[in-house]
Student: 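I have a structure here, written as structure tokens, and I will follow up with some questions on it.
One-based numbering along the sequence shown. Values below: every heavy atom of this structure, side chains too, minus hydrogens, waters and symmetry copies.
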Amino acid sequence: MPNSSQSHLAYLALEHAIVTLALTPGALVNEKQLIDLSGHGRTPVREAIQKLAWQGLIVVKPRVGLQIAEIKPTDHAHVMQVRRELEPIAAALVAEQATDGQRNQLVECARAMNDCAVSGDLAGFFAADKAFDEILEESCPNAFITSALGPVQSHSRRLWYSKASPERMDRSISLHVAVIRAIQQGKASEARKAMTTLIDYLGQK
């Protein structure tokens, strides 16, 4: 099962707020604000801040506080360069090695995404997309790939959210579902191709 520790739940809440721009790029925040926003205690939030700082989403500024990372003009090209190379490989490995339970979790993600398409729930889709990434991370046997992908996926989601629309969300969901279907059926080459198609679409500005 995906990590359900308090620190990870605090991380998910704060990552979601950063990705969906509820925490504005460049904004200065303090620990108490993040505790209140996440609904979790000081220790889990501090651990979440450490992970977000490692991912480059929060900048720890001594004697100043915490700053939500700015969005740089080069970010989009750089994150998609990494995703384009590594994510199709990860999808193929997951198609080959995921457990039945993990495949079922991905099917639940597809169902949640389709529900978001029906209701036009963009923030809900981004939460389901984060769950999709975490299940892939858990299922992929190559930890070097997943440790490289984790940060860039979050940055990519934030960049995409800033330009998202219902039409783009619907297309992204259909492409995610194609990846999930290939993984669920254990078809590695199809999963690789479907993921390449998805990343190519997400790479469009």
Student: Between the main-chain N or O of Ile18 and the side-chain N or O of Arg158, is there a donor-acceptor pair closer than 3.5 Å?
Tutor: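 Checking the backbone N and O of Ile18 against the side chain of Arg158, no donor-acceptor pair under 3.5 Å is found.
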Student: According to the ring-ring contact (aromatic ring centres under 6.0 Å, His included) rule, which pairs have a member within residues 165-193, sequence neighbours left out?
Tutor: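 Every ring-ring contact (aromatic ring centres under 6.0 Å, His included) pair that includes a residue of residues 165-193, provided the two are not neighbours, is Phe125-His176, Phe132-His176.
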Student: Should Ile68 and Ile58 count as side-chain neighbours, where that means a heavy-atom distance under 4.5 Å?
Tutor: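 Touching, per the 4.5 Å side-chain cut-off.
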Student: So, Arg103 side chain and Ala95 main chain: donor-acceptor pair closer than 3.5 Å or not?
Tutor: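 Pair found, side chain donor or acceptor close to backbone of Ala95.
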Student: With a sphere of 6.0 Å drawn around CG of Asp100, does it hold more than 12 non-hydrogen atoms of other residues, nucleotides or ligands?
Tutor: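 Not more than 12 within 6.0 Å, no.
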Student: Determine whether a donor-acceptor pair (N or O, by modelled atom type, separation under 3.5 Å) exists between the side chain of Gln67 and the backbone of Gly26.
Tutor: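 Between the backbone of Gly26 and the side chain of Gln67 there is a qualifying donor-acceptor contact (under 3.5 Å).
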Student: Taking CD in Glu85 as the centre, count heavy atoms belonging to other residues, nucleotides or ligands within less than 6.0 Å. Is the count above 12?
Tutor: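 Atom CD in Glu85 is not crowded, with 12 or fewer foreign heavy atoms closer than 6.0 Å.
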Student: Counting C-beta onward and ignoring hydrogens, is there a side-chain heavy-atom pair between Ser7 and His40 closer than 4.5 Å?
Tutor: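 Heavy-atom side-chain distance check fails, nothing below 4.5 Å.
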Student: Any side-chain heavy-atom pair from Leu198 and Ser172 closer than 4.5 angstrom?
Tutor: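 The answer is yes, as the side chains (C-beta and beyond) meet within the 4.5 Å cut-off.
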Student: Could you tell me whether the side chain of Leu9 reaches within less than 4.5 Å of the side chain of Pro44, counting heavy atoms only?
Tutor: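 The answer is no, as the side chains (C-beta and beyond) never meet within the 4.5 Å cut-off.
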Student: Do His8 and Lys51 have side chains that approach each other closer than 4.5 Å (heavy atoms only, starting at C-beta)?
Tutor: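 Result yes, sub-4.5 Å side-chain heavy-atom pair found.
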Student: Would you name the heavy atoms of Ala148 and Val82 that are closest together and state the gap between them?
Tutor: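 Looks like O-CG1, 4.4 Å.
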Student: If we check side-chain hydrogen bond (donor to acceptor under 3.5 Å, both in side chains) with Tyr11, which of these qualifies: Gln6, His16, Gln55?
Tutor: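 Looking at Gln6, His16, Gln55, the match for Tyr11 under the side-chain hydrogen bond (donor to acceptor under 3.5 Å, both in side chains) is Gln55.
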Student: Between Glu108 and Arg111, does the salt bridge (Lys or Arg N to Asp or Glu O under 4.0 Å) criterion hold? Intermediate values first, please.
Tutor: CA-CA 5 Å; Glu108 286 301 315; Arg111 189 170 291 121; 2.4 Å; yes
Student: Looking at Lys193, I'd like to know if its NZ atom is crowded, meaning that more than 12 non-hydrogen atoms belonging to other residues, nucleotides or ligands lie closer than 6.0 Å.
Tutor: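 For Lys193, atom NZ is not crowded (no more than 12 foreign heavy atoms under 6.0 Å).
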Student: Quick check on Gln81: does its CD atom have over 12 non-hydrogen neighbours (other residues, nucleotides or ligands) under 6.0 Å away?
Tutor: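 Result for CD/Gln81: open.
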Student: Atom CD1 in Ile183, atom CD1 in Ile135: separation rounded to 0.5 Å?
Tutor: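 Separation between the atoms: 9.5 Å.
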Student: Tyr201 ring centre to Arg168 NZ or CZ under 6.0 Å, with the angle to the axis within 45°?
Tutor: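 The answer is yes; both the distance and angle limits are met.
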Student: Using the rule given for salt bridge (Lys or Arg N to Asp or Glu O under 4.0 Å), can you reason through Asp133 versus Arg157, listing the C-alpha separation, both sets of side-chain angles and the distance that settles it, and then say yes or no?
Tutor: CA-CA 11 Å; Asp133 289 341; Arg157 254 196 306 282; 2.5 Å; yes
Student: CG of Leu175 to CE of Met195: how many Å apart, nearest 0.5 Å?
Tutor: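 Going from the CG atom of Leu175 to the CE atom of Met195 covers 10.5 Å.
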Student: For a side chain to side chain donor-acceptor pair (under 3.5 Å) check, start with the C-alpha distance between Glu87 and Gln153, then their side-chain angles and the critical distance, and finish with the verdict.
Tutor: CA-CA 10 Å; Glu87 226 154 327; Gln153 286 168 335; 3.1 Å; yes
Student: Given the rule that I, L, V, M, F, W and Y join up when any side-chain heavy atoms are under 4.5 Å apart, are Val59 and Leu23 in one cluster?
Tutor: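 No, it is not one cluster - the side chains of Val59 and Leu23 are not joined through contacts under 4.5 Å.
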Student: Decide yes or no for Leu12 and Glu134: does some side-chain heavy atom of the first lie under 4.5 Å from some side-chain heavy atom of the second?
Tutor: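 They are in side-chain contact.
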Student: According to a 4.5 Å side-chain heavy-atom criterion applied to Ile, Leu, Val, Met, Phe, Trp and Tyr, with indirect links allowed, do Leu21 and Val79 form part of one hydrophobic cluster?
Tutor: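 Yes, because Leu21 and Val79 connect within a single hydrophobic cluster, where side-chain heavy atoms sit under 4.5 Å apart.
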Student: Treating Gln33 as the side-chain partner and Asn30 as the backbone partner, does any N or O pair qualify as donor plus acceptor under 3.5 Å?
Tutor: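 Answer holds: yes.
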